[in-house]
Amino acid sequence: MTMRLYYAPGTCAVACWIALEWAKADFEPVRANYASEEFRRINPLAMVPALDIGGSKAMTQADAILGYIAGRYPEARLGPDEGLLAGFEFSETLAFLTGDFHPAFWPFFTPERFTLDNSKPALDQVRMAAHARIDRVMTHLDSLIGDGVHLYRDRRSVADAYAYIMARWTAKLPKTWNDYPNVARFFAHIERDPVVQNVLQSAAKERS
Ligand SMILES: N[C@@H](CCC(=O)N[C@@H](CS)C(=O)NCC(=O)O)C(=O)O
């Protein structure tokens, strides 16, 4: 069967879409309907990404999926270099992105999950409280990029796709990606990639 990537526009799943395109994989993007019973059977957590490669259950968790894509298509060179330390550095980068970077945004986008008071002032407080944590992870991302244009060593990897899609979320914050000089340089570089542009456009308009 053709692999199916379940995604929603603007989410971390779009990073997996970019990685699959970079790998020249044969796959079908499918817009997930979070509320549907069908999607809950695919991922009981009702979250994207999910990658169905035809096994007994779909693959979930972005870092695991990105690692799978990198490993399945070695010729695309999207994964770690050879060696224990190179592999560690790669896992450390992905763990930061999925375990620290992404969750820093949760209170900003879904404040109602972090307070029992659903009044507007309470929700605004939660959103504002997220700013400091987001600044912290953006500052760390900026230092990981350093004076280059990639996250992992000096070349493109699945980590670039993930960091790019996630850091775009700061467009809704008072301090955006453009306020972090290394991240801004990284954005200028990755946005010149026509594959990335095509995925962003397709992901914004695809329907299930
Ligand atoms: N740990 C999961 C988190 C995935 C996740 O939070 N996905 C978001 C989109 S970026 C989602 O599906 N959110 C729906 C929800 O929280 O209900 C992963 O890394 O794949």
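FYI, the numbering just counts along the sequence from 1. Indexing begins at 1, ligand by ligand and atom by atom, following the structure's order.
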Transitively linked via ILVMFWY side-chain contacts under 4.5 Å: I18 with Y73? yes
So, 4.0 Å and heavy atoms of W169: is ligand 1 close enough to count as a contact? yes
Looking only at protein heavy atoms, what sits closest to atom 3 (C) of ligand 1 is M47 SD, 4.1 Å
is_close_aromatic(H150, F186), centroid dist under 6.0 Å: no
closest protein heavy atom to atom 6 (O) of ligand 1 is H102 CE1, 3.2 Å
Salt bridge check: are R153 and E89 linked by an N-O gap of less than 4.0 Å? yes
Short list, please: which atoms of ligand 1 are under 4.0 Å from a heavy atom of P49? 20 (O)
Starting from atom 20 (O) of ligand 1, which protein heavy atom do you reach first, and at what distance in Å? A62 N, 2.9 Å
Could you list the atoms of ligand 1 found under 4.0 angstrom from a heavy atom of T11? 9 (C), 10 (S)
May I ask whether Y164 and L173 are part of the same hydrophobic cluster, defined by side-chain heavy atoms of I, L, V, M, F, W, Y residues being less than 4.5 angstrom apart, directly or through others? yes
Give me the nearest non-hydrogen protein atom to atom 11 (C) of ligand 1 as residue plus atom name, then the distance to 0.1 Å. Y34 OH, 3.6 Å
Under 6.0 Å from the ring centre and within 45 degrees of the ring axis: does the NZ or CZ of R156 meet both conditions for the six-membered ring of W22? yes
Can you establish whether the number of heavy atoms outside N118 located under 6.0 Å from its atom CG is more than 12? yes
Using ring centroids (six-membered ring only for Trp), state whether F109 and W169 fall under 6.0 Å. yes
Quick one: does R113 get a heavy atom under 4.0 Å from ligand 1? yes
As an exercise, identify every atom of ligand 1 less than 4.0 angstrom from a heavy atom of Q61. 1 (N), 2 (C), 18 (C), 19 (O), 20 (O)
Looking only at protein heavy atoms, what sits closest to atom 4 (C) of ligand 1 is V48 O, 3.4 Å
